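First up is the structure itself, then whatever we jot down about it.
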2 protein chains.
Amino acid sequence: MVANDAFGSFLRDIPRSTPHASTACGLQKLAHLLPICRGSMVPLDPTENSLAYVASGATKLIASASGGREQIVAFHFRGDLVSVPGNAWHSYDLCALVDTQILLFPAREFIDLTRTDPAFEDILLERSLTALHRCRDKAVGLGRKNAQERLASFLVGMAERIGTREDGTTILDLPMSRRDIGDSLGLTIETISRQFGELRKSGLVQTVGRCRVELCDLAELAKRAGHA
Amino acid sequence: MVANDAFGSFLRDIPRSTPHASTACGLQKLAHLLPICRGSMVPLDPTENSLAYVASGATKLIASASGGREQIVAFHFRGDLVSVPGNAWHSYDLCALVDTQILLFPAREFIDLTRTDPAFEDILLERSLTALHRCRDKAVGLGRKNAQERLASFLVGMAERIGTREDGTTILDLPMSRRDIGDSLGLTIETISRQFGELRKSGLVQTVGRCRVELCDLAELAKRAGHA
DNA sequence: CGTGCCGTTGAAGGTTCTCAACCGTGGTGG
DNA sequence: CCACCACGGTTGAGAACCTTCAACGGCACG
């Protein structure tokens, strides 16, 4: 059963150990299993914080500023738990990059339920801190780096998360478009394209078709990313 | 006793209720009370995540990228709890804006100690999520906003946190310099200065001396901040 | 095989940065 | 108490980087 598969992988990915039967049961009742088509938004309650577990697929978390400008705040992949702010300065949407299965929870109830279960005890805190530290590293890039450093930084980060190594080079199959990369790095698609060109010329990167990127020299790329 | 004052305000600010005596005692042993002079860094273990409680004063959390570029990732004020990443792409420092008292904890031990105490149960999670959501809102500004919107956004944010209202106008006594504001917004001091000039000309802001800023029309300022 | 979208490339323009000089405030010492 | 000094802030001109606008190319899908 598909529903059970998604919840099953949730129970495998998130808690540190087997949770209490009552917690698991309560969470299952709380969860909404949502199949989201590529390009569609996860239907969120805009007044409450939400927690979304990515059972399969990949998503982008979009913040909308005035004037139709969009900033992608984070990408997420299978097994990730996303905290989406309900009330904030900007409005947030979670959008599927490919066909995706989401388990959606209201954050408050989720926390109330898992509070007393040692299996969930501080896993949420750990995940939040990881997200916070990623977001801070991202903020450094947005505030203080030029286009090439930002793209290099992006590629190194993706390599860590979804890269596969193959005799010395790292293979990336990116589920996001150039526009998404631009919206994530605070740049335009044209600039992204030009910087890919530069990295190609430097022999650090090869692109195959639209999605595949091969990173030939990850160490040099990290240098160009300005990671201090 | 000064040490007890700092730890006392910690116990008043952070836990939701009175913690177990054993938790409180363990935390007190774990804590290092550090008086930090204006402009000095909090001595952090660069290999471990740290938690810093701001007992008094104000701090900036600085990330250093290569080439001596600095990005201020967050400001903190009395009562705030700061999570400082140990190992990340960029190196982080916590710096006092004014003479400040810090209670410093190693994050791991802090979490281990408070894990089973209902008074601390999810307060850490809540604080982390607040920090995460602030950081995301900041990322939107750094990625997609022009100088004026960033400064307006900064002022509105500070008004929420340390502003005092006085017959219609909001008074801000900023503990940070123009350079700090620039380093926080990904801009130079010159741009900050020019944008202050613009806001003054628009009649939205008055500046008194170096530190005091008076916000005459908070609603209009929020509009200019591009909060959607 | 055609079509449409995504990505690439080029030229012009704008916002912010850089460099430089100046000003004002606040603090110190005579 | 005043004068001076140093630092932080302001203002101006020129340059850099990225954006905008526009046209073209190519992969993937029907």
Side-chain angles (χ1 to χ4, degrees), chain A residues 37-39 60 65 67-72 97-99 141-155 172-201 205-213 224 226, chain B residues 37-39 60 65 67-72 97-99 141-155 172-201 205-213 224 226:
Chain A
C37 299
R38 172 192 157 81
K60 54 181 172 180
R69 293 169 295 182
E70 295 193 339
Q71 173 70 36
I72 293 179
L97 293 170
V98 297
D99 291 353
L142 292 173
R144 287 279 170 246
K145 290 187 182 171
N146 65 24
Q148 182 154 141
E149 292 172 312
R150 291 189 205 186
L151 183 56
S153 203
F154 169 80
L155 291 172
L172 275 180
D173 282 307
L174 297 175
M176 68 286 284
S177 68
R178 296 286 191 266
R179 170 166 300 283
D180 288 330
I181 299 175
D183 285 346
S184 165
L185 300 180
L187 299 167
T188 59
I189 42 174
E190 293 94 331
T191 301
I192 299 294
S193 187
R194 281 186 253 269
Q195 293 307 325
F196 260 118
E198 293 295 317
L199 291 177
R200 261 194 303 264
K201 263 203 292 186
V205 155
Q206 278 186 307
T207 54
V208 183
R210 281 178 178 163
C211 298
R212 172 156 294 195
V213 181
R224 298 238 185 161
Chain B
C37 299
R38 171 193 159 82
K60 52 181 173 180
R69 293 169 296 183
E70 296 194 338
Q71 173 70 36
I72 293 178
L97 293 169
V98 296
D99 292 352
L142 292 173
R144 287 281 170 242
K145 290 188 181 170
N146 63 26
Q148 182 154 144
E149 291 172 313
R150 292 189 205 186
L151 182 57
S153 206
F154 168 80
L155 291 173
L172 276 180
D173 282 306
L174 297 176
M176 69 285 284
S177 67
R178 297 285 191 267
R179 170 165 301 281
D180 289 329
I181 299 175
D183 285 345
S184 165
L185 301 179
L187 300 167
T188 58
I189 42 173
E190 293 94 332
T191 302
I192 299 295
S193 186
R194 282 186 251 269
Q195 291 309 324
F196 260 117
E198 292 296 316
L199 291 177
R200 261 194 302 263
K201 264 203 292 185
V205 155
Q206 278 184 308
T207 53
V208 183
R210 281 177 179 163
C211 299
R212 172 156 294 194
V213 181
R224 299 241 184 156

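Convention: sequence-line order gives letters A, B, ...; per-chain numbering from 1. Keep in mind that this is a model prediction, so the values were computed, not measured.
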Is the closest basic N to carboxylate O distance between A:E149 and B:R69 below 4.0 Å? yes
Identify which nucleotide among C:dC5, C:dT16, D:dG9 has an atom closest to any side-chain atom of B:R210, counting heavy atoms from C-beta outward. D:dG9
d(CG, B:L174; C1', D:dG9) in whole Å: 14 Å
Looking at every strand, decide which applies to A:T191 at a 4.0 Å heavy-atom threshold: base, sugar-phosphate, or nothing. base
Phosphate contact (C:dC17 OP1 or OP2) by B:T188 side-chain N/O below 4.0 Å: yes
Just how far, in rounded Å, is C1' of C:dC17 from NZ of A:K145? 19 Å
Got a donor-acceptor pair under 3.5 Å from the side chain of B:R194 to the base of D:dG12? yes
In whole Å, I'd like the distance from the CD1 atom of B:I181 to the C1' atom of D:dG9. 11 Å
Take atom CG of A:L187 and atom P of C:dT15, then tell me their distance rounded to the nearest Å. 18 Å
Whole Å only: how far is the CD1 atom of B:I189 from the P atom of C:dC22? 17 Å
Check every strand shown and say whether A:G182 touches a base, only sugar-phosphate, or nothing at a heavy-atom separation below 4.0 Å. nothing
Pair B:R200, B:T207: side-chain N/O donor-acceptor within cut-off below 3.5 Å: yes
Between B:A147 and A:M176, whichever has its closest DNA chain C nucleotide further toward 5' is A:M176
In terms of side-chain geometry, is the basic nitrogen of A:R38 or A:D99 positioned less than 4.0 Å from the acidic oxygen of its partner? no
Assign A:I192 to base, sugar-phosphate, or nothing according to its heavy-atom contacts below 4.0 angstrom with the strands shown. nothing
Given DNA chain C, 5'-ward residue of the pair A:R144 and A:G197, judged by closest heavy atom: A:G197
Whole Å only: how far is the CG atom of A:L97 from the P atom of C:dC6? 13 Å
Taking A:R179 for the side chain and A:T188 for the main chain, is one N or O donor matched with an acceptor at less than 3.5 Å? no
D:dC21 base to A:E190 side chain: any donor-acceptor pair below 3.5 Å? yes
Does any N or O in the side chain of A:R144 come within less than 3.5 Å of the main-chain N or O of B:L187, such that one atom is a donor and the other an acceptor? yes
Rounded to the Å, how far apart are B:L185 CG and C:dT15 C1'? 16 Å
For C:dG7 and A:R179 - does any side-chain N or O of the residue sit under 4.0 Å from the phosphate oxygens OP1/OP2? no
Return the value, rounded to whole Å, for the distance between atom NZ of B:K201 and atom C1' of D:dT11. 12 Å
